[in-house]
Amino acid sequence: MDYKQTLNLPKTDFPMRGNLARREPERLKRWQAMGLYQKIRETFAGKPKFVLHDGPPYANGMIHIGHAVNKILKDFIVKAKALSGFDAPYVPGWDCHGLPIELMVEKKVGKAGVKVSPAEFRRACREYAQSQVELQRKDFVRLGGVADWEHPYLTMAPRFEADILRSFGKIVANGHLSRGAKPVYWCTDCGSALAEAEVEYENKRSPAIDVRFKAVDEQDFLSRCHHVPEHEGKGPVSVVIWTTTPWTLPANQAVALHPDLEYALVQCQTEHGPERLLIAEGLLKDVMDRYGIEDYRVIAYCRGKDLEGVRLQHPFYQRQVPVILGEHVTLEAGTGAVHTAPGHGQDDYVVGQQYGLPVENPVGSNGCFLPNTEYFAGEHVFNANDHVIEVLKEHGALIHEEVIEHSYPHCWRHKTPIIFRATPQWFISMDDKGLRQRALEEIQKVRWIPDWGQARIEAMVENRPDWCISRQRNWGVPIAVFVHKETGELHPKTVEIIEQVAKRMEEDGIDAWFELEPAEILGEEAEQYDKINDILDVWFDSGVTHECVLRRREELGFPADLYLEGSDQHRGWFQSSLLTSVAMNDRAPYQAVLTHGFTVDEKGYKMSKSRGNVVAPQKVMDRLGADVLRLWVSATDYRGEMAVSDEILKRTSDVYRRLRNTARYLLANMAGFDPAGHAVPHEKMLPLDQWAVDRAWLLQQEVIEAYEQYQFHQVYQKVHHFCAVDMGSFYLDVIKDRQYTCQTDSLARRSAQTAMYHIAEGLVRWLAPILSFTADEIWEFMPGERAESVFLTEWYQGLQSLPETSAMNREFWEQVMAVREAVSRELEKLRERGGIGSSLEAEVTLYCQPPLYDLLRRLEDELRFVLITSEARLLPLEQAVAGAESALELEGMKILVAPSGHEKCVRCWHRRADVGSNPQHPELCGRCVENVEGPGEVRRYA
RNA sequence: GGGCCUUUAGCUCAGACGGUUAGAGCGUACCCCUGAUAAGGGUAAGGUCGGUGGUUCGAGUCCACCAAGGCCCA
């Protein structure tokens, strides 16, 4: 007789292999067809809200793995929050304006205003951005995130553009706007500013000159130095600067020294007679060699900081300039003293801001000095170099001149050298209305994850200069203001005008401003005003999504519960959002900010094309599936760098298979199980099954806690450990016999099935945020009535804990497992000796002292099922025979294992003395006979 | 060059208050099973905690410096 038919073997259609690359896209279609996102919204309507606000990726190029990490982490949170009973909407967005898109479009259609009209150019930008959004959306959707992909926010939507402008208007109304000047790359041939990306570095020959700046008050100067005894010296005292751009000297406002560098005052003889020159000590020899001076002597020393504030005479203008301090001063070249013209250099500008130096710019847009520039009016700056040198000579200020070749920025278009030129710009002032102070206060109130994020953004906000928000570009939201032609003041009704323009922009987008006739708004006043054509920095666009998205979308709300981006956004979006929100709302736009690290390769190096270590998310999804990618994200502690490599993904796939197979085995054992009719009440379940549910109950607390703390790698570790150890290695292995051999509808079997059912209900939800595709697939195979998708449910409430007072409580099973391990070790030894193969071929005798003896006694004759041996005898330790091995790590126990001498029951594979005792069933053991045609075996414990 | 951060077995992670032979899972090796089978079970071997120097009776765990990486600046 084929007794196999009398067994309850596992059976399921749930595939063992995920086949994710093929199956995931099918499931995506189903989600889309059923309107999953909408269904989730409806299901959770009315629950407390949790708003995770999506930071917009820039709409340019294919998504890389960093994008994937970011979106997947967000999805974990949104899904876990739903399971915890929150209404957690997620509206994705894209950042659509800005220079990178302009540059891409320039390549295609040419420069705005040159080959195409600005209006056409903007149209082309809009089309390009839209195409990039589609490209990226496709990949984002593939990742499996639940989001309102049909209705994302785009910063280039007309309504959005209008709201950006309105946000700007609020900031103006609150008095944070200021106008100033700032040096930018400037091509005198283009007659316009260049972006950094439009600058190329090439070699150029330039004059390199050394110039004296005489001390106005020599006594003051000398009193700050440490003198070498008996060398007072004589002649004028000067600080010497070195520059390769003589033409910037008319705009000089200061001389910068490094605060901590050592400077030497040198007595020497020049064509002007005896004099004293200040040079950085570390460059002294080089400088003297350059000047050809052999006879010199140091007569005093000082640190740069000793001279702060000393007044110097400008070399040819009738004005004095201060000595200032800057960390940017180096000993790489020159004299260690840096001529500072804030209107003509980035460093100079920054340090000039700190000292409140004027940002003077005597150079016109064509590169010629303005008419009121003494000596040089009308001359082009590069031609003026010689003239400047002449004037310096006339004033006795030139010490040395030569010509050098060096790397110098050039216009990528004209290939001509460019200059730094201060131009009028708009700023959000950090201090005029206390924005910096208020922002710092708001930072305190936000929860930063990890907590060092707070120190990081604090330092940045403390030190940042005013935010320059204007750009002289085409693809962006206009700074829609009018400035009085003579006074330079904003129109008194600027705030109202902005709202009028915003209304027009709701219909026509940004073109509404560029095509606006000023008279339409200003009437007769139009004559007196200039219409500003600058656009806003794109960081402003994304920085006001709290206004344009959170406040505009009904399902969201201000402030957000969470912003979540890469750690680079402390300087970027977190800060731009904070500053605009404080400027507009006087509070931070978020309650909490979470940052993740960047992806690196297995050696910890950043990913780059040149290194060839780039891992493309598309490839991972095509080869291994989005769920494996998601599992990798969950497994990695995102607080530091996140390493990816083939091996790491391989390991991740291994874990995936383990999780999948655990779920599959649970499903396979629930074949024919209907929870409504077959579920066993908790108190009637066998103690071992109660224990298994208890493990799940405990784990669920930890899983929920880990999700709440955004510690996804803990979820990963714990759930995996549960599947591999608690379930695979112990519980599921032990209950096989009971599952397979007991009667189909017996309590023994239904009890285990009930446990597996509860465990599966828990497991499918723990996995859902991470293995979204797989969990939803498992969901479909689960028995019982249930919602359409796992994402429409909350945490499973059917798990119960095991009472501490139970005779077989947690501690009891812990001991049993320790015994089991000890027995396993002995069985392994026996196996190595060739004594047995399967553990069912063995019999084991345990010689124990109390309390272990009493503990194991409780299992009665079911101990053998826990040990998966054909016999398990329990005897007092005193009766231990020779050959019984002491159990390691277990007090008072000896173990004797031996091959069973009995026949193997063909049905349950146990070797029992009673095999064949029933002539009707000569191949069966006693309990199998009972299970096959009797009332069925009774199990009480395991 | 500066600010912030990371560095524990091949991989991913644990390691309050400094204190027994540094843990887990995976992977690996070997064995078993063939009624989870492109599955499942067992046993074992792998770290001295990036490096150096301190504090301490005692440090992966505190301090200093260095190294290799990362983000953001310059």
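We name chains A, B, ... by the order of the sequence lines, and we start the count at 1 in each one.
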TODO: In whole angstrom, give the distance that lies between atom CZ of A/Arg571 and atom C1' of B/rG2.
DONE: 12 Å
Open item on the list: Side-chain N or O of A/Lys606 versus OP1/OP2 of B/rC71: is the shortest distance under 4.0 Å?
Closed with: yes
Open item on the list: For B/rA14 and A/His713 - does any side-chain N or O of the residue sit under 4.0 Å from the phosphate oxygens OP1/OP2?
Closed with: yes
Task: Pairwise P distance, B/rU48 and B/rC11 [rounded to whole Å] - done: 13 Å
- [ ] Round to the nearest Å and state the distance from A/Arg825 atom CZ to B/rG42 atom C1'.
- [x] 11 Å
Open item on the list: Between the base of B/rU6 and the side chain of A/Glu641, is there a donor and acceptor pair under 3.5 angstrom?
Closed with: no
- [ ] Using a 4.5 Å cut-off on heavy atoms from C-beta on, say whether the side chain of A/Val600 contacts that of A/Met642.
- [x] no
TODO: For nucleotides B/rG47 and B/rC5, find the distance between their C1' atoms and express it as a whole number of Å.
DONE: 24 Å
Task: Nearest-angstrom distance, P atom, B/rG46 to B/rG58 - done: 29 Å
Task: Per-nucleotide protein contact string for nucleotides 30-39 of chain B (B base, S sugar-phosphate only, - none; heavy atom under 4.0 Å) - done: -BSSSBBSBS
Open item on the list: Whole angstroms only, please: what is the CG-C1' distance between A/Leu699 and B/rA24?
Closed with: 14 Å
TODO: Round to the nearest Å and state the distance from A/Leu631 atom CG to B/rC13 atom P.
DONE: 12 Å
Open item on the list: Taking syn as a glycosidic torsion within 90° of 0 and anything else as anti, which one is B/rG46?
Closed with: syn
Open item on the list: Classify A/Ala455 by what it touches in the nucleic acid, base, sugar-phosphate, or nothing, heavy-atom distance under 4.0 Å.
Closed with: nothing
Task: Spacing between A/Asp568 atom CG and B/rC71 atom P, to the nearest angstrom - done: 9 Å
TODO: For atom CG of A/Asp2, decide whether the heavy atoms of other residues, nucleotides or ligands shown that lie under 6.0 angstrom number more than 12.
DONE: yes
TODO: May I have the distance from A/Met460 (atom CE) to B/rC71 (atom P), rounded to whole angstrom?
DONE: 13 Å
Task: Distance between C1' atoms of B/rG2 and B/rU20 (Å, rounded) - done: 45 Å
Open item on the list: Closest-nucleotide mapping onto RNA chain B: is A/Gln717 or A/Arg611 further toward the 5' terminus? I mean the 5' end.
Closed with: A/Gln717
Task: Gap in Å between the two C1' atoms, one belonging to B/rG15 and one to B/rU61, rounded - done: 9 Å
Open item on the list: I'd like the P distance from B/rA24 over to B/rC62, given in whole Å.
Closed with: 23 Å
Task: Basic-acidic side-chain contact under 4.0 Å: A/Asp451, A/Arg639 - done: no
Task: Dot-bracket line, read 5' to 3' along RNA chain B, where crossing pairs take [ ] and | marks a partner on another strand, Watson-Crick or G-U under 3.5 Å - done: (((((((..((((.....[...)))).(((((.......))))).....(((((..]....)))))))))))).
TODO: Quickly work out the A/Lys718 NZ to B/rC13 P distance and round it to whole Å.
DONE: 15 Å
Open item on the list: Measuring only the P atom in each nucleotide, how far is B/rC30 from B/rA45? A whole number of Å is fine.
Closed with: 16 Å
Task: Aromatic ring proximity, centroids under 6.0 angstrom, A/Trp766 and A/Phe722 - done: yes
TODO: Using a 4.0 Å heavy-atom cut-off across all strands, classify A/Asn669 as base, sugar-phosphate, or nothing.
DONE: nothing
TODO: Report the relative orientation of the aromatic rings in A/Phe76 and A/Phe712; use parallel for angles under 30°, tilted for 30 to 60°, perpendicular for over 60°.
DONE: perpendicular
Open item on the list: I'd like to know whether the aromatic ring centres of A/Tyr563 and A/Trp573 sit less than 6.0 Å apart in this structure.
Closed with: yes
- [ ] State whether A/Phe865 and A/Arg738 meet the cation-pi test: NZ (Lys) or CZ (Arg) under 6.0 Å from the six-membered ring centroid, and within 45° of the perpendicular axis.
- [x] no
Open item on the list: Check the orientation of A/Phe540 and A/Trp467. Use parallel for under 30°, tilted for 30 to 60°, and perpendicular for over 60°.
Closed with: tilted
- [ ] Considering only NZ, NE, NH1 and NH2 on the basic side and carboxylate oxygens on the acidic side, decide whether A/Glu777 and A/Arg23 come within less than 4.0 Å.
- [x] yes
- [ ] Indicate, with a heavy-atom threshold strictly under 4.0 Å, whether A/Glu602 touches base, sugar-phosphate, or nothing.
- [x] nothing
TODO: Can you figure out which of B/rU12, B/rC71, B/rC5 approaches the side chain of A/Phe598 most closely?
DONE: B/rC71
TODO: State, with a plain yes or no, whether a side-chain heavy atom of A/Glu565 is found less than 4.5 Å away from one of A/Thr595.
DONE: no
Task: Between P of B/rU6 and NE2 of A/His596, the distance in whole Å - done: 17 Å
Task: Side-chain ion pair, A/Asp654 and A/Arg658, N-O less than 4.0 Å - done: no
Open item on the list: On RNA chain B, does the nearest nucleotide to A/Tyr716 precede the nearest nucleotide to A/Asp654 from the 5' side, or the other way round? Give the residue.
Closed with: A/Tyr716
Open item on the list: So, does A/Gln714 get its side chain near the phosphate of B/rC13, meaning an N or O under 4.0 Å from OP1 or OP2?
Closed with: no
TODO: Pick the C1' atom in B/rC63 and in B/rA22, then give their distance to the nearest Å.
DONE: 22 Å
